[in-house]
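Accompanying notes for the structure given below.
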Amino acid sequence: MNEERGRQCAQEVEKPGTPWGFFLVLAAIVVVAIVYSATIYLIDQRTPEVVFGAIAACFTVIGTLVGNYFGIKAGLDGQDKLKQTLARIDYGPRTSAGRHREKRRPYKEGETGGRRATRGA
């Protein structure tokens, strides 16, 4: 049964496609770098305030894009890994309601089984 599920899981796993998000972030970083360079070279008065302002804006945009990309990517990768792990687990027999029955061992006399022991019983 487990081998059969493993084969089904291997067949259902989609192959990764083209990482369009990566290319979009890369293109945005290139555009920001070009705009930064054009801003610095086209300004006649290159005072330190203007240069530091442009650098701060550039680093802010690049940091935001890269952070968002890798944050979303890590979340989706974790979600895929969880789905694969859950697909491999055999939960056992199901009830008619679709829920899994819990496998409990029978209660033996003298054991509390998580219940309070009553005195005089």
Side-chain angles (χ1 to χ4, degrees):
M1 178 79 173
N2 286 336
E3 291 177 20
E4 185 177 317
R5 277 189 178 231
R7 281 189 228 126
Q8 288 175 351
C9 181
Q11 292 172 355
E12 292 174 2
V13 174
E14 296 178 12
K15 295 183 179 173
T18 306
W20 294 112
F22 172 75
F23 294 128
L24 179 65
V25 170
L26 187 64
I29 290 172
V30 169
V31 167
V32 168
I34 290 170
V35 169
Y36 169 74
S37 300
T39 302
I40 292 300
Y41 290 117
L42 293 178
I43 293 178
D44 293 331
Q45 300 173 347
R46 281 190 230 147
T47 61
E49 295 85 14
V50 172
V51 173
F52 287 135
I55 288 174
C58 182
F59 284 157
T60 302
V61 171
I62 290 174
T64 302
L65 290 172
V66 171
N68 282 334
Y69 172 75
F70 284 111
I72 291 171
K73 182 169 178 17
L76 291 176
D77 288 347
Q79 185 180 17
D80 291 341
K81 194 173 194 179
L82 178 65
K83 285 180 183 178
Q84 290 174 359
T85 302
L86 289 176
R88 284 184 281 171
I89 295 175
D90 183 20
Y91 290 105
R94 292 179 178 242
T95 62
S96 60
R99 297 186 191 128
H100 297 288
R101 283 185 269 165
E102 294 183 22
K103 296 178 183 176
R104 295 184 181 182
R105 60 186 177 92
Y107 180 76
K108 293 181 183 176
E109 197 170 321
E111 292 182 345
T112 59
R115 301 181 195 140
R116 287 188 197 170
T118 57
R119 293 185 185 178

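The structure displayed is predicted, hence computed values, not measured ones. Along the sequence shown, the residues carry numbers beginning at 1.
Summarising the geometry of Arg46 relative to Ile40, their closest heavy-atom pair is NE-O, 3.0 Å, with the distance given to 0.1 Å.
Note on Ile29: it does not cluster hydrophobically with Leu24, by side-chain heavy-atom contacts below 4.5 Å among ILVMFWY residues. Hydrophobic clustering (ILVMFWY, side-chain heavy atoms < 4.5 Å, transitive): Val32 and Leu26 are in one cluster. Linking ILVMFWY side-chain heavy atoms closer than 4.5 Å, directly or via other members, places Val31 and Leu65 in two distinct hydrophobic clusters. Neither Val30 nor Phe22 shares a network with the other; the hydrophobic side chains, linked directly or stepwise wherever heavy atoms of I, L, V, M, F, W or Y lie under 4.5 Å apart, form separate groups for each. No continuous path of ILVMFWY side-chain contacts below 4.5 Å connects Val35 to Leu42, so the two sit in separate hydrophobic clusters.
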Run the side-chain donor-acceptor check on residues 52-64: report pairs under 3.5 Å with partners two or more places apart or on a different chain.
| from | atom 1 | to | atom 2 | distance (Å) |
| --- | --- | --- | --- | --- |
| Thr60 | OG1 | Ala56 | O | 2.6 |
| Thr64 | OG1 | Thr60 | O | 2.7 |

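Remark: Gln84 CD to Arg88 CZ distance equals 6.5 Å, nearest 0.5 Å. Atom CG of residue Asp80 and atom OG1 of residue Thr85 lie 10.5 Å apart, to the nearest 0.5 angstrom.
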